[in-house]
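Shown next, in structure tokens, is the structure this report addresses.
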Amino acid sequence: MNNILLIIQREYVTRVKKKSFIVMTILGPLLMGLMYAGVIWAAVSSVNQKKIEVLDDSKLFEGKFKTSEEFIFVFKKEKIDELKKSLKGSEFDALVHIPGDVLENPKSIKIYSEKGVTLELQSRVESALEREIESIKLTEAGITKSVLESAKMDVSSETISLKEGGEKKSSAAAASIIGGICAFLIYLSVFIYGAQVMRSITEEKTSRIVEILISSVKPFQLMIGKIIGVALVGLTQFGLWIVLSAGILTFGSKLVGEKLIQSKNAMTEAQMASLPPEAQEMAKEKMQAGGGIPSEMMPDFFGALDTLPLTTIIISFLFYFVGGYLLYSALFGAVGSAVDSDTDTQQFMLPITIPIIAAFMIAQFVIRDPNSNLAIWTSMIPFTSPIIMMVRIPFGVPIWQIVLSVTLLIGGFVFTTWLASRIYRVGILMYGKKVTWKELGKWIFYKS
């Protein structure tokens, strides 16, 4: 036991003291924060107002296109050929031609542009025409515009979870976001820190340092010490990243907040245009009084966090983070002991990485239905449970399923560690030989 503790201490201290660890721990959250801030700032700042010419031969749609921060619509009276010729080199970005028989042939609308028509412009034009054509058709059927306006309703629902403790608010959006983030962090940690174990073993093997080490400790003790030592390094780095990210997020929100608020306030003009007149007046009053966007127009993600089982999520994340890493790092360690260089690892890496990649892909479907048979079964299999169960837990998972998943994950770790140690004890001293799958199978059953 003392030997394992010494190896853990050596692996942890040497890695934490490395300049690369210190630099990436500090710069990691900073670079991510700068990247997201840069993308948001660029996206907000790069929105230029586009001027669109509209030729309405039907005389039905003048004034029906809403001008916004993104688009200005100007109706023209000239002929289509003249407008097409003058479009090139003009101040207008596009030309919309509405033919006279648009009611009978709604697919005859054309949009001309010198640089190409954006999807947003096409959608804006099509939705405006669809609404107006529907209104005209309904009016012809005897349904007036006032009846249509009164029939429009802004419907929103509140989700309630019925559990043994009683009714409790829930939020599918918050559960999906938190579950996805936790799953991605586990997915990332398996590859980053599992690969570190493999590279460390390969380097020591090729430099023959391992021959000195195993003269004092058993191969199994050396492997376990490395795995646990790197796991502690990973937890330390993730913990520091969380603390630093929280500080950067607070500072960054102040830096780009005003720009985002201005952009969102501009976007609400288009949103309010679809509301009934009474709701529009109320929204405008609230924006003027509060200087910002009406709260009912924005999802309360931070308030939604209170609806989640945060204690269960945090404890489960720590367990599945460590458990998933330990399970896969044992296999990475076995691969590192079986080869002489990084280039030889490729043939053995694919079978190890397929389950974790498949789990991340399956997680996209599990978010849509966290209680499906696919979700339940894959959250029990040790090779996929760290990711799938973390996606499910924010939605609420029965305790017995979590206990069973945890038990199977522990059993999976014990099995993979035993399997990896059988390969490790032989492969760590094998040099200059190309190892095959058949050879690995023989190593597992060699007697000590």
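This chain uses plain numbering: 1 for the first residue, then up along the sequence.
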Between the main-chain N or O of T378 and the side-chain N or O of T384, is there a donor-acceptor pair closer than 3.5 Å?
-> yes

Where do A375 and V366 come nearest, in terms of heavy atoms and distance?
-> CB-CG1, 3.7 Å

All heavy atoms of A363 vs all of I387, minimum pair found to be CB-CG2, 4.2 Å

Identify all side-chain donor-acceptor contacts of residues 396-408 below 3.5 Å with residues at least two apart in sequence or on another chain.
from : atom 1 : to   : atom 2 : distance (Å)
Q401 : OE1    : R392 : NH1    : 2.9
Q401 : OE1    : R392 : NH2    : 2.8
S405 : OG     : Y320 : OH     : 2.8
S405 : OG     : S379 : O      : 2.8
T407 : OG1    : V403 : O      : 2.8

Less than 4.5 Å apart, any side-chain heavy atom of F365 and any of V391?
-> no

Donor-acceptor under 3.5 Å (Y325 side chain, I227 main chain) = yes

Spell out, as yes or no, whether a donor-acceptor pair under 3.5 Å connects the side chain of S372 to the backbone of D369.
-> yes

Quick one: does D93's side chain have a donor or acceptor within less than 3.5 Å of a partner on K51's backbone?
-> yes

So CZ of F184 and OH of Y187: to nearest 0.5 Å the spacing works out to 8.0 Å

May I ask you to decide if the ring planes of F332 and F191 are parallel, tilted or perpendicular, using 30° and 60° as cut-offs?
-> perpendicular

For Y328, what residues pass the side chain to side chain donor-acceptor pair (under 3.5 Å) criterion, not counting sequence neighbours?
-> none

Evaluate side chain to side chain contact (heavy atoms under 4.5 Å, CB included) for W377 paired with I388, printing each intermediate quantity in order.
-> CA-CA 9 Å; W377 281 105; I388 303 302; over 6 Å; no

Closest non-hydrogen atom pair, I376 against N371 = CD1-O, 3.7 Å

Over all heavy atoms of both residues, which pair between I367 and S176 is shortest? Give the atoms and the distance, please.
-> CG2-OG, 3.5 Å

Side chain to side chain contact (heavy atoms under 4.5 Å, CB included) assessment of I393 paired with F317 | CA-CA 10 Å; I393 284 175; F317 174 75; over 6 Å; no

